[in-house]
Amino acid sequence: MNYWLMKSEPDVFGIDHLAGCPAQTEHWDGVRNYQARNMLRDQMQVGDLVFFYHSNCKVPGIVGIAEVVRSGYSDHTARDPRSNYYDPKSTEERPIWFMVDIRFVRKLERNISLEELKQQPELSSTPLVRRGNRLSVMPISPQEWDFILSLE
DNA sequence: GCCAACGTTGGC
DNA sequence: GCCAACGTTGGC
């Protein structure tokens with residue numbers, strides 16, 4: 001059982017989009033970064049919990065919780081020439097890119113902004129608050145998970 | 001919209 | 001295999 005944080009732009013796919021999906025479940029496609037890919041492919045397990053983070057918006061921060069309901073499998077958008085995420089190097093037999101399925105669990109009672117997270121000494125070593133971090137999927141320690149929830 | 005930070009690409 | 005150029009991310 002692991003904890004994660006996943007970033008998404010609310011204008012593109014926000015927490016309310018996830019909540020509105022059939023079965024409140026959606027595949028998390030389009031990750032095209034090897035470090036994030038490795039976590040999707042190798043480490044994320046069914047039952048893992050995910051902080052849903054809104055990035056590239058007015059108030060970036062954690063807005064909800066989701067659960068991994070299918071572990072890593074081939075990201076089919078890499079094989080779709082019409083997709084923004086098309087990568088001709090990825091094939092059915094040898095996929096390069098992976099995705100997981102996540103299901104909406106709940107929204108937080110209030111959004112916890114990046115600004116607020118940065119002010120917490122307990123979170124000083126989490127990758128999220130480190131400057132210049134661009135990972136769209138990152139691990140959260142159990143201690144960090146509990147602490148962040150205690151801010152809610 | 002700016003720009004710092006970072007990852008990827010490709011020439012050599 | 002180095003590294004400059006380029007593209008992207010994402011906070012501000």
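- Residue A:Asn133 is the one, among A:Lys89 and A:Asn133, whose nearest nucleotide of DNA chain B lies closer to the 5' end (criterion: closest heavy atom).
- The backbone N or O of A:Ala19 lies less than 3.5 Å from a partner atom in the side chain of A:Gln24, making a donor-acceptor pair.
- Against DNA chain C, the stretch residues 111-129 of chain A makes heavy-atom approaches under 4.0 Å through A:Leu114, A:Lys118.
- Listed by first then second residue, pairs satisfying side chain to side chain donor-acceptor pair (under 3.5 Å) with a partner in residues 111-123 of chain A read A:Arg110-A:Glu116, not counting sequence neighbours.
- In summary, A:Arg32 and A:Asp75 engage in a salt bridge, as defined by a charged side-chain N under 4.0 Å from a carboxylate O.
- One side chain, A:Tyr73 or A:Asp101, offers a donor N or O that lies under 3.5 Å from an acceptor on the other.
- For the 3.5 Å distance criterion, the side chains of A:Ser74 and A:Arg79 qualify, holding a donor opposite an acceptor.
- Not less than 6.0 angstrom separates the ring centroid of A:Trp28 from the ring centroid of A:Phe98.
- In summary, contact between chain A and DNA chain C, defined as any nucleotide atom under 4.0 Å from a heavy atom of the protein, begins and ends at C:dG7 to C:dC12 in the 5' to 3' direction.
- Residues from residues 54-66 of chain A placing a heavy atom under 4.0 Å of any atom in DNA chain C, listed by number, are A:Ser55, A:Asn56, A:Pro60.
- For the side chain to side chain donor-acceptor pair (under 3.5 Å) condition, the pairs that include at least one residue of residues 43-54 of chain A, sequence neighbours left out, are A:Asn2-A:Asp48, A:Trp4-A:Asp48.
- Counting side-chain heavy-atom gaps under 4.5 Å among Ile, Leu, Val, Met, Phe, Trp and Tyr, A:Val59 is found in no cluster with other residues.
- Ion pairing of A:Glu152 with A:Arg106 is present here, as a side-chain N (NZ or NE/NH1/NH2) and a carboxylate O approach within less than 4.0 Å.
- In this structure, the side chain of A:Ser124 engages the main chain of A:Pro121 through a donor-acceptor pair within 3.5 Å.
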